[in-house]
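Quick caveat: nothing in here was measured; it's all calculated off a predicted structure.
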Amino acid sequence: MPNVLKRTGGLQNATSKLNSLGLAFAAKDKTWFGVLVDDQDYLVASAFSDNRRVIKNHLVRYSLKVAHISPKEVKHSFAEDMAKLHNGEAPKRPVKLGSIGISEFQEKVYEVLKKIPRGRVTNYGLIAKAIKSGPRAVGNAVGSNPWPLFVPCHRVVPSDMTVGNYSMINSPGHENSPVKKTLLYREGVRFQGEKIPPSALWSPARFSS
DNA sequence: GCTTACCACGATG
DNA sequence: CATCGTGGTAAGC
């Protein structure tokens, strides 16, 4: 039976089969948003950029890599949801995340990211302590978050409370990323110069699964 | 298989 | 500023 992959990991029903993937776009304020969605409305990946071709290439490549499927272009409301998240709005409904291509370690990290409140930040070391790992390993996982904006990896900053890095699709990313800073600002984070005030720091509970 | 290089880090000096 | 410890990954044999 071709084109049928078993889903792995604990983010969703492990017995379901994956047959097709859809790719949907939305645009707002000169920014393009793309979502990769499976046939049961699980979000497999997302991306945003000022260049539609860039996110399309990225999501098609990701689809081929993790599922060996060429996605079909569809309409999907997740793309509009993504534009609202980019605007700093609170999500109105939960989005089911597809676990394909996600390691167990990544899943542990993303479970913490999902708990960071809007308007707050945490750092790599605190996440590492919470899941009994190391800060560099957490950085690796955060940097490979397949669902930017839906899973708020932009709320993780260096321990010195600067904004830190936010790598876009294939650009290396740089210190004090203006994109990351804007995302945080729209969610209510205020800055003292280049730094985030300590009152915005949120600490994950230790031993959270 | 195993070994290395690479990192969106952190602590120390 | 520099260096090192650190843990997970991917790429290289």
- Message: I want to verify a distance call: between dT9(C), dC7(B), dG10(B), whose nearest atom is closest to the Pro158(A) side chain?
- Response: dG10(B)
- Between Arg52(A) and Thr31(A), a side-chain donor and acceptor under 3.5 Å: no
- Task: Between dG10(B), dA8(B), dG8(C), spot the one nearest the side chain of Val142(A), thanks.
- Result: dA8(B)
- Message: Measuring from the side chain of Tyr166(A) (C-beta onward, heavy atoms only), which nucleotide among dA8(B), dG10(B), dC7(B) has the closest atom?
- Response: dA8(B)
- Using a heavy-atom cut-off of under 4.0 Å over every strand shown, decide if Gly143(A) touches base, sugar-phosphate, or nothing. base
- Task: Would you classify Phe105(A) as touching base, sugar-phosphate or nothing, given that sugar-phosphate means primed atoms plus P, OP1 and OP2, and contacts are heavy atoms under 4.0 Å?
- Result: sugar-phosphate
- Query: Crowded around Lys96(A) NZ? As in, over 12 foreign heavy atoms under 6.0 Å?
  - Reply: yes
- Item | Phosphate OP1/OP2 of dA8(B) contacted by Ser167(A) side-chain N/O (<4.0 Å) | no
- Determine whether the side chains of Asp38(A) and Gln40(A) contain a donor N or O and an acceptor N or O closer than 3.5 Å. no
- Under 4.0 Å: is that the gap between some side-chain N or O of Asn123(A) and OP1 or OP2 of dG10(B)? yes
- Task: Fill in the dot-bracket string of DNA chain B, one character per base: . for unpaired, | for a pair to another strand, ( ) or [ ] for pairs within the strand, taking Watson-Crick or G-U pairs under 3.5 Å.
- Result: |||||||.|||||
- Query: Would you say the side chain of Arg136(A) and the base of dG8(C) hold a donor-acceptor pair, judged only by whether the two atoms sit under 3.5 Å apart?
  - Reply: no
- Task: Check whether any side-chain N or O of Ser133(A) sits under 4.0 Å from OP1 or OP2 of dG8(C), and answer yes or no.
- Result: yes
- Any chance the side chains of Thr162(A) and Asp160(A) put a donor and an acceptor closer than 3.5 Å? yes
